[in-house]
Amino acid sequence: WDALVWYEHDRGEYRSVPDTAQIFSTFPSPHLSYAGGIFDQFLGSALLLICVCAITDSRNTKIPKQCVPLYVGITVLGIGLSLGYNSGYAINPARDLAPRLFTSFAGWGPAVFSAYNHWWVVPVIASHAGAVAGAWLYFLGVEMNWPAEEKYDSVGTNSQDNENNYQQFNNGYPENCSAQYPESKPGYETAAVAAFHNELTRKMNM
C-alpha cells in the first residue's frame with residue numbers, strides 16, 4: 001500500500017490505468033495487437049491444460065498426489081517465463097476477472113474494463129477457449145490411445161481367456177464352458193475349469 005501511495009504521489013496520478021491497475025489484472029504490452037493477445041491467451045491456457053491433464057493422468061506420469069501442486073506450479077512458472085511478457089499470462093479467467101472487478105470498485109473505476117478496446121474480454125473468452133482446446137487435445141492425442149485396462153475376475157485372474165471362461169453359473173461351472181468345450185458335461189473338468197478351481201482354492205486359503 002505504501003508503494004502504491006508513493007508511486008501515485010510521485011507521478012501525480014491517482015488510480016491510473018494501466019499503471020497501477022495492472023498490479024491486480026492483466027493489460028497488453030504496447031507492442032501486442034488485439035489478435036495477438038487472443039492467440040497469446042489461447043495458447044497459454046491450452047498449454048496449461050495439456051500439462052495439467054498429463055500431470056494428473058494416472059496412466060501417464062504416475063506423479064504422487066502430494067507432488068501434483070509442485071508440478072502444476074512449475075508448469076505455470078514456465079508458461080509465465082515464456083509468454084508472460086505479452087500481457088501478464090492470465091491463462092485463467094478467474095485470476096483476471098475477479099481482481100478486475102475489485103479494482104473497478106477500489107478507485108480505478110470502469111476504465112479497467114474499457115481500456116485497450118475492452119481488453120478484459122480477451123483473458124476471459126480466449127482463456128476459456130484455450131483451456132477447452134487443451135483438454136481435448138490431450139484426450140484425443142494421448143488419453144484415448146491408452147490400451148484398454150485389464151479387467152480382473154473375482155479370483156484375481158486377468159487374461160482374456162480367463163475372463164471368457166470364468167464367468168460362473170450358480171453350480172460353479174463357467175458360463176460358456178459348453179460353448180467352448182462341447183465335450184464337457186456336468187462333473188467333467190476341462191483344463192480351464194480345473195485351473196479356475198485351483199486358483200479359487202489358492203485365493204481362499206491365503
Side-chain angles (χ1 to χ4, degrees), residues 1-8 10-11 13-58 60-143:
W1 174 257
D2 290 340
L4 175 62
V5 172
W6 179 89
Y7 181 89
E8 290 179 340
D10 184 67
R11 296 295 189 275
E13 297 179 355
Y14 177 76
R15 301 296 189 267
S16 56
V17 178
D19 293 353
T20 53
Q22 61 187 352
I23 296 173
F24 302 95
S25 53
T26 65
F27 291 90
S29 295
H31 68 273
L32 189 67
S33 67
Y34 207 82
I38 292 174
F39 178 73
D40 173 82
Q41 294 300 306
F42 181 91
L43 177 63
S45 299
L47 290 174
L48 174 64
L49 263 293
I50 290 172
C51 293
V52 169
C53 290
I55 291 169
T56 57
D57 187 352
S58 61
N60 189 355
T61 53
K62 301 185 185 300
I63 293 175
K65 290 183 178 180
Q66 60 270 26
C67 292
V68 168
L70 173 64
Y71 281 75
V72 173
I74 293 173
T75 298
V76 174
L77 175 62
I79 294 173
L81 292 175
S82 58
L83 299 176
Y85 179 71
N86 287 327
S87 60
Y89 74 107
I91 65 174
N92 180 350
R95 170 256 179 275
D96 187 82
L97 184 58
R100 198 178 297 271
L101 287 170
F102 165 77
T103 54
S104 69
F105 292 109
W108 282 268
V112 295
F113 288 99
S114 60
Y116 295 98
N117 196 22
H118 299 277
W119 167 260
W120 73 273
V121 175
V122 174
V124 173
I125 303 300
S127 295
H128 270 107
V132 173
W136 270 105
L137 280 173
Y138 183 84
F139 175 76
L140 296 174
V142 179
E143 190 172 346

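Position 1 is the first residue of the sequence; numbering continues from there.
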Sequence-distant partners of [X], side-chain contact (heavy atoms from CB on, under 4.5 Å), two or more places apart:
{"X": "A129", "answer": "F42"}
{"X": "F139", "answer": "W136, E143, M144"}
{"X": "A126", "answer": "I38, Q41, V122"}
{"X": "L97", "answer": "L101, F113, W120, V124"}

Counting only heavy atoms not in Y85, do more than 12 sit closer than 6.0 Å to its OH atom?
no
What are the two closest heavy atoms between [X] and [Y], and how far apart are they?
{"X": "W119", "Y": "S87", "answer": "CZ2-CB, 3.6 Å"}
{"X": "G134", "Y": "I50", "answer": "O-CG1, 3.4 Å"}
{"X": "L83", "Y": "G44", "answer": "CD1-CA, 3.8 Å"}
{"X": "S104", "Y": "V112", "answer": "CB-CG2, 3.8 Å"}
{"X": "A131", "Y": "S45", "answer": "N-CB, 3.7 Å"}
{"X": "C53", "Y": "A135", "answer": "SG-CA, 4.2 Å"}

Can you name the residues that form a salt bridge (Lys or Arg N to Asp or Glu O under 4.0 Å) with R95, not counting sequence neighbours?
none
I'd like to check the side-chain hydrogen bond (donor to acceptor under 3.5 Å, both in side chains) partners of [X]; sequence neighbours left out, ordered by chain and number.
{"X": "H31", "value": "N86"}
{"X": "N60", "value": "Y138"}
{"X": "N92", "value": "none"}

Measure the spacing between CD1 of I79 and CG of L47 and express it to the nearest 0.5 Å.
5.5 Å
Output for pair (D57 CG, I55 CD1), nearest 0.5 Å, gives 11.0 Å
Using the ring pair (Phe, Tyr, Trp, His ring centres under 6.0 Å) criterion, which residues pair with W108? Sequence neighbours excluded.
F24
Tell me which donor-acceptor pairs under 3.5 Å the side chains of residues 62-78 have, and how far apart each pair is, sequence neighbours excluded?
residue	atom	partner	partner atom	Å
K62	NZ	S58	O	3.2
T75	OG1	Y71	O	2.9

Can you tell me which residue pairs pass the salt bridge (Lys or Arg N to Asp or Glu O under 4.0 Å) test with a partner in residues 23-45, sequence neighbours excluded?
none
Would you mind listing every salt bridge (Lys or Arg N to Asp or Glu O under 4.0 Å) that reaches into residues 97-123, with sequence neighbours excluded?
D96-R100
Counting N and O atoms only, with roles assigned by atom type, does the side chain of S33 sit under 3.5 Å from a partner on the main chain of G36, one being a donor and the other an acceptor?
yes
